[in-house]
Novice: 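Following this message is one structure expressed as structure tokens.
Just so you know, ligand 1 is whichever comes first in the structure, and atom 1 is the first atom listed for that ligand. For reference, positions follow the sequence shown, starting with 1.
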Amino acid sequence: MKNGPKYDHLKIEKKWQAVWKKQGIYKTEDSSKKPKAYVLDMFPYPSGEGLHVGHPKGYIATDIYSRFKRMNGYNVLHPMGWDAFGLPAENYAIDNKINPEISVKKNIKYFKSQLEKIGFDYDWSREINTTDPGYYKWTQWIFLQLLKKGLAYESWEPINWCPSCQTGLANEDLETRSTSSGQVAVCERCGSAVVKKPMRQWVLKITNYANRLLKDLDQLNWPESIKESQRHWIGQSEGVEIEFKLKAQNAKLKIEIKNSKQKSIKVFTTRPDTLFGATYLVVAPEHEIIQKLKIKIQNWKEIETYIAKTSQRSEIERTVEGKEKTGVKLEGVMAINPVNGGEIPIFIADYVLPDYGTSAIMAVPAHDTRDYEFAKKFKLPIIPVVVNDLPTTPDQVGIAHTGPGRMANSDQFNGLDNERAKIAITKFVHGKQVVKYKLRDWVFSRQRYWGEPIPIIHCEKCGVVPVPEKDLPVKLPTVKSYKPTGTGESPLAAIANWVNVKCPICGTKAKRETNTMPQWAGSSWYYLRFIDPKNNKALVDKKKETYWSPVDMYVGGAEHATRHLIYTRFWHKFLQDIGVVNQPEPFAQLKNQGLISGADGRKMSKRWGNVINPDDVVKSHGADTLRLYEMFMGPFEQGTAWSIDNLMGARRFVEKIWRLASKIIDDKKLSDPGNENLLHKTIKQVTEDINRFNFNTAVSALMILANDWEKRPNLSCSEFKILLKLLAPFAPHLAEELWHNLGEKNSIHLSVWPVADPKKLIVTEIKIVVQINGKVRANLNLSAGQTEETVIKFALLDPLINKWLAGGQYKKAIYIRDKLLNFVV
Ligand code: ANZ
Ligand code: ZN
């Protein structure tokens, strides 16, 4: 076989993509005796810009992995779909003045054409789209199940409001930014500072799952960094609740307290050992006790003003370190420290948050930084109760001592190690051991158009009425104006013939819920729908779910650590509880790809003009070159800058393989089995590397083999086919073309992956006697099976031989394989 020097990637890649499509070689079998491998990419939202070369890096990896699994005898599920609801799609539509329904369709078409050009092995018959009513019917169905179990509820608490996107946001949708006026919370989408806005919201009780979400992290084969961010986000804290009795200073308030149920304030602390150092209490301005004691508090005006001011501030602003502390003392009422009966004042201050612990703290300025700053400002006593040999009182060192030590100023507990004192003091004041979480419930409604309608009807008589399941999906109506209204109502509220309905229970006039779901709803369960994408009767068929779950390999960006990956785990656990799925976790193994930045080292973005479109690379260098390059550029999880030189290196490798095929001869004529060792080492390495996602070293092993073979006069056909198989997941078009050129009729992608022969992995050293004119002059230690050429080369390098053959001159060389070499001079 003779290959021309030119490798025509345009022709060859197009040809095979059409053949694969026509033959349906990547179609997944619904059930099979084979073991299964569910390999999944985080599905993209189809933005208007299309893909740049950074996006397919993860897709190339899963493509290689899934092809590898298929060749290893697995029934493979490797699907693709579109996460098309939500702010990005909607903002794009508004900016470009196109209805999102139309722009999303157009964008999907473009995305899909880009992906198809790279030659991925997706089973497109399973394509899903979260904005398809047949899909979001089930997103709405899950919401109704959550409601049924009391895990979806309406809340009137102030929420984060983005004034620019004009919608409420979950805590997970915020980022912190430093400004001249300190740290502020901004909208993750548009960067505007968020404000607090009291508003009716639908909220999901993810906090009920906090403990399971935390505990089950241990069983996951995920990057440790992602697991750590989830642990941090869930924020488990073990502490103690302690009651402080209230004491009124005037007679009227005394009666008030006596008659009220609120005779004490409960605090949450992780440092019960410091109780003797508690010199005041702080309650959150939102704490219900403030309203209860209202009439008798002497400085109510001042308190009221402070509460109003607090309501404007985000959690991040309130809790940021080093911020000047503010607060107001409650005049007229004191608290009693249960450990020694001391009377201490009560403050409201915004650094105590309403939705953590008990919304009230005991302040220990000697040992807590925030309390110390507050006490300094308000001239409150600072009593050190945990000391060590170093100067540790705040007034000696100017900061609170937050570390361990021995007890002091603590009566009978003095001298005790503070860890022991925690237990002893808790017992002494009858404190209650509790576990708290930082995780907040998930604010689940958005006042926007482009999302799944929340399937609820509001009836004046019956209240909140779920849409009956038989009436799902509640379809999103087509509207003329889909811009946010800014009033806190979604644009859906203006569509009279959609909003006004009859109550499903009593039949009287009622209104639809006009809030929509956040963009994370559809992506919280999509991996289940790929298993059974067309099922009308159920979200997923039980048998199929049992076969395919969990996802074996999930690949995507690390930025989803605390949103998508927490929401999904929550919904999955809920679906397990109601019997829809069998496993506790959706994704057994997770890998994050590193980002590809522009050639200038900056993030690829229109703004910097450094975006590279994969379509252009596929056209100029070929899909296989793009694939090999992106896998060879560095460790998969590491970020790398785009380099045209290195892209050329990958192209040269493709051409080298192409040229090597010209050296293939019939196996029987082959005189040189010397390369078996390297070949089998390569099989072993590439196999292990793909399993571990070490794609760069796998490509490098293939390059080493190709370089070695380039020096050989001819190549064995059967060995070359092994190389093609190893190459097939990386460069599927090139491998398929050469495979068929060697007379194969079936696709290489359905062939069986080679196995390294352990015997051929061992290199046997042998001794070759070197003679000159029949006289022994030297011995060579070499691995068995070398070519004559190689043995002569090594012999001439040997100084003992070199002495006799000045300049390497000889008449003739006689070689007896693996035994003897005789130079005739
Ligand atoms: C007394 C104390 C003394 C505290 C000391 C700390 C150090 P984590 O680990 O984050 O759970 N706290 C409790 N509820 C709060 C709220 N709603 N807003 C703001 N702060 C709150 O921290 C628990 C500690 O944070 C608690 O322990 C409490 O202060 C404070 F030397 O109590 B500590
Ligand atoms: Zn009704």
Novice: Has K205 got its NZ or CZ under 6.0 Å from the middle of the six-membered ring of Y153, at an angle within 45 degrees of the ring axis?
Specialist: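 Satisfied, under 6.0 Å and within 45°.
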Novice: Could you pull out the N/O contacts under 3.5 angstrom between ligand 1 and the surrounding protein atoms?
Specialist:
residue  : atom   : partner : partner atom : Å
ligand 1 : 10 (O) : K438    : NZ           : 2.5
ligand 1 : 11 (O) : S237    : OG           : 2.6
ligand 1 : 11 (O) : Y356    : OH           : 2.5
ligand 1 : 17 (N) : L353    : O            : 2.9
ligand 1 : 17 (N) : Y356    : O            : 2.9
ligand 1 : 18 (N) : L353    : N            : 2.9
ligand 1 : 27 (O) : T269    : OG1          : 3.4
ligand 1 : 27 (O) : T270    : N            : 3.1
ligand 1 : 27 (O) : T270    : OG1          : 3.3
ligand 1 : 32 (O) : T269    : OG1          : 2.7

Novice: Of the non-hydrogen atoms in Y280 and D371, which two are nearest, and what is the gap between them?
Specialist: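 It is OH-O, 3.0 Å.
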Novice: Classify the ring geometry of W571 against F444: parallel below 30°, tilted from 30° to 60°, perpendicular beyond 60°.
Specialist: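 Taking F444 first and then W571, their aromatic rings sit tilted (interplane angle of 30° to 60°).
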Novice: With Q576, which residues qualify under side chain to side chain contact (heavy atoms under 4.5 Å, CB included), at least two apart?
Specialist: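 Testing Q576 for side chain to side chain contact (heavy atoms under 4.5 Å, CB included), a comparison that skips the adjacent residues, returns R212, V581, P584.
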Novice: Applying ring-ring contact (aromatic ring centres under 6.0 Å, His included), can you list everything that pairs with Y45, at least two apart in sequence or on another chain?
Specialist: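 Listed in chain order: nothing, the list is empty.
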Novice: Show which side-chain atoms of residues 282-291 pair as donor or acceptor with protein atoms under 3.5 Å away, not counting sequence neighbours.
Specialist:
residue : atom : partner : partner atom : Å
E286    : OE1  : R318    : NH2          : 3.4
E286    : OE2  : R318    : NH1          : 2.8
H287    : ND1  : I289    : N            : 3.1

